[in-house]
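Contents: one structure, followed by commentary.
This one's a predicted model, so the numbers in the text were calculated from it and none came from an experiment.
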Amino acid sequence: MMASPLKSLVHDDDRYQKSFQLFLERSSEHQCMRDFIHNKLPDILSSIGDGKSHLNIIGVGSGAGDIDLEMLTELHKRHPEVTVDNEVVEPSSQQLHNYKVLVSQKPELNYIKFTWNKMTASEFEEHWKLKKMTKKADFIHMIQMLYYVKDPGATISFFQGLLDKNGKLLIILVSGESGWGKLWRKYRNELCNTEISQCVTTGDIKTLLDSKGVSYQSFDLPSQMDITECFTEGDEKGELLLDFLTEVLDFSKVASPELKAGVLELLRHPGCSKESDGKVIFNNNLGVIVINKPI
């Protein structure tokens with residue numbers, strides 16, 4: 001008989017946000033993104049807009065906005081005279097609220113007009129087609145969100161189609177070479193509720209783009225995450241991190257003993273993590289893919 005399907009963590013937004021915050025504290029996720037934004041992104045952004053005085057930007061799955069604002073700041077340094085229309089697409093009302101609070105504290109962002117879309121990427125796409133929008137975008141970013149669409153390839157094609165002639169689409173996901181990639185390759189069927197999330201890495205996206213003949217630039221972002229607490233039975237933070245790693249709500253309580261033991265064993269495996277000074281450090285490497293307007 002089939003075990004009852006495990007419930008996805010995204011069903012409990014409160015616990016999801018808690019586990020996500022803990023993940024950010026335990027990992028260099030945002031730090032490695034910031035390094036990329038300050039060191040590599042300026043060159044990528046220098047060619048967008050082509051001398052226009054106004055730029056359209058779409059942030060898909062923008063979360064609480066901290067990474068968005070770092071990118072907008074770099075854009076402003078590159079194009080100081082330009083005004084910006086920024087469409088924010090984010091389904092979590094808590095995250096949207098946090099983003100609005102952040103913006104309200106920064107009067108220097110007055111060159112940006114924010115449009116808040118409390119919706120998923122798929123809803124945004126539907127909405128855009130219904131309104132027969134003809135607006136084109138100069139920069140679209142999708143950071144750590146392609147896991148949550150039914151068909152990542154179709155979503156990329158839709159947003160790539162919205163780019164203006166020098167526009168850029170930026171995608172960040174976990175790398176196929178990361179611990180996430182290894183975990184998903186082994187336990188995709190047990191853990192991935194494909195109705196809600198896909199176990200997709202930059203490796204998968206590159207394969208997809210190659211098969212369509214789409215050219216892209218790619219960058220690797222080394223990142224790590226301290227998962228030591230996951231190995232202490234009953235540790236509250238360890239359990240939250242396990243929920244985040246597996247995307248399963250209350251994983252430690254609901255997973256079968258075999259699945260739990262297997263996942264913990266794999267998380268410790270040298271392919272996923274390295275052990276140093278009594279800590280287990282998970283490979284959280286990310287990849288960046290930059291796509292231009294289709295020719």
Side-chain angles (χ1 to χ4, degrees), residues 1-29 144-150 152 173-207 220-287:
M1 84 154 211
M2 283 289 292
S4 66
L6 300 169
K7 203 164 183 194
S8 173
L9 178 60
V10 294
H11 283 310
D12 182 340
D13 191 53
D14 188 45
R15 187 160 171 93
Y16 178 82
Q17 300 304 341
K18 266 202 194 87
S19 69
F20 179 59
Q21 273 322 113
L22 181 62
F23 160 69
L24 291 179
E25 287 165 28
R26 292 288 181 274
S27 74
S28 59
E29 170 98 353
Q144 293 287 45
M145 58 68 61
L146 280 174
Y147 317 109
Y148 305 110
V149 298
K150 269 216 166 62
L173 287 170
V174 297
S175 152
E177 299 311 302
S178 66
W180 298 96
K182 310 266 190 316
L183 179 65
W184 291 342
R185 277 196 286 283
K186 181 148 187 193
Y187 287 110
R188 185 175 299 234
N189 297 340
E190 288 90 334
L191 297 177
C192 274
N193 177 343
T194 49
E195 282 305 295
I196 296 160
S197 70
Q198 318 292 329
C199 296
V200 61
T201 69
T202 48
D204 300 320
I205 300 300
K206 288 174 184 176
T207 303
D220 295 315
L221 310 186
S223 173
Q224 51 189 36
M225 166 186 182
D226 182 346
I227 59 168
T228 315
E229 291 152 308
C230 295
F231 300 95
T232 305
E233 187 70 41
D235 184 290
E236 200 180 323
K237 289 192 165 163
E239 290 184 354
L240 259 183
L241 285 175
L242 275 174
D243 281 17
F244 191 77
L245 284 160
T246 59
E247 296 225 340
V248 170
L249 185 60
D250 297 321
F251 177 78
S252 300
K253 298 184 176 74
V254 299
S256 70
E258 300 77 40
L259 179 60
K260 191 177 166 186
V263 165
L264 285 170
E265 188 187 342
L266 185 66
L267 288 175
R268 268 212 129 108
H269 187 275
C272 278
S273 298
K274 59 178 200 279
E275 301 202 28
S276 69
D277 301 333
K279 287 193 176 338
V280 184
I281 306 297
F282 183 75
N283 178 329
N284 185 54
N285 289 1
L286 307 180

Carboxylate-amine/guanidinium contact Lys260 Glu233, below 4.0 Å = yes
Backbone N or O of His11 within a donor-acceptor pair of the Ser8 side chain at under 3.5 Å?
-> no
Got a sec, which residues hit ring pair (Phe, Tyr, Trp, His ring centres under 6.0 Å) with Tyr16, two or more places apart in sequence or on another chain?
-> none
Got a sec, which pairs hit salt bridge (charged side-chain N to carboxylate O under 4.0 Å, His left out) with one end in residues 197-206, sequence neighbours left out?
-> none
Spell out, as yes or no, whether a donor-acceptor pair under 3.5 Å connects the side chain of Lys182 to the backbone of Glu177.
-> yes
Flag side-chain contact, heavy atom, 4.5 Å: Pro222 against Asn285 = yes
What pairs of residues pass the side-chain hydrogen bond (donor to acceptor under 3.5 Å, both in side chains) test when at least one of them lies in residues 262-271, not counting sequence neighbours?
-> Arg268-Glu275
Side-chain donor or acceptor of Thr202 paired with backbone N/O of Leu173 under 3.5 Å | no
For residues Trp184 and Tyr147, establish whether the separation of their ring centroids is below 6.0 Å.
-> yes
Smallest heavy-atom separation, Leu6 atom then Glu190 atom, equals CD1-O, 3.8 Å
Without swapping roles, check the side chain of Ser175 against the backbone of Gly287 for a donor-acceptor pair under 3.5 Å.
-> no
Are Lys7 and Asp12 within salt-bridge range, i.e. N to O under 4.0 Å?
-> no
Distance-minimising heavy-atom pair for Ser19 and Phe244 = OG-CD1, 3.6 Å
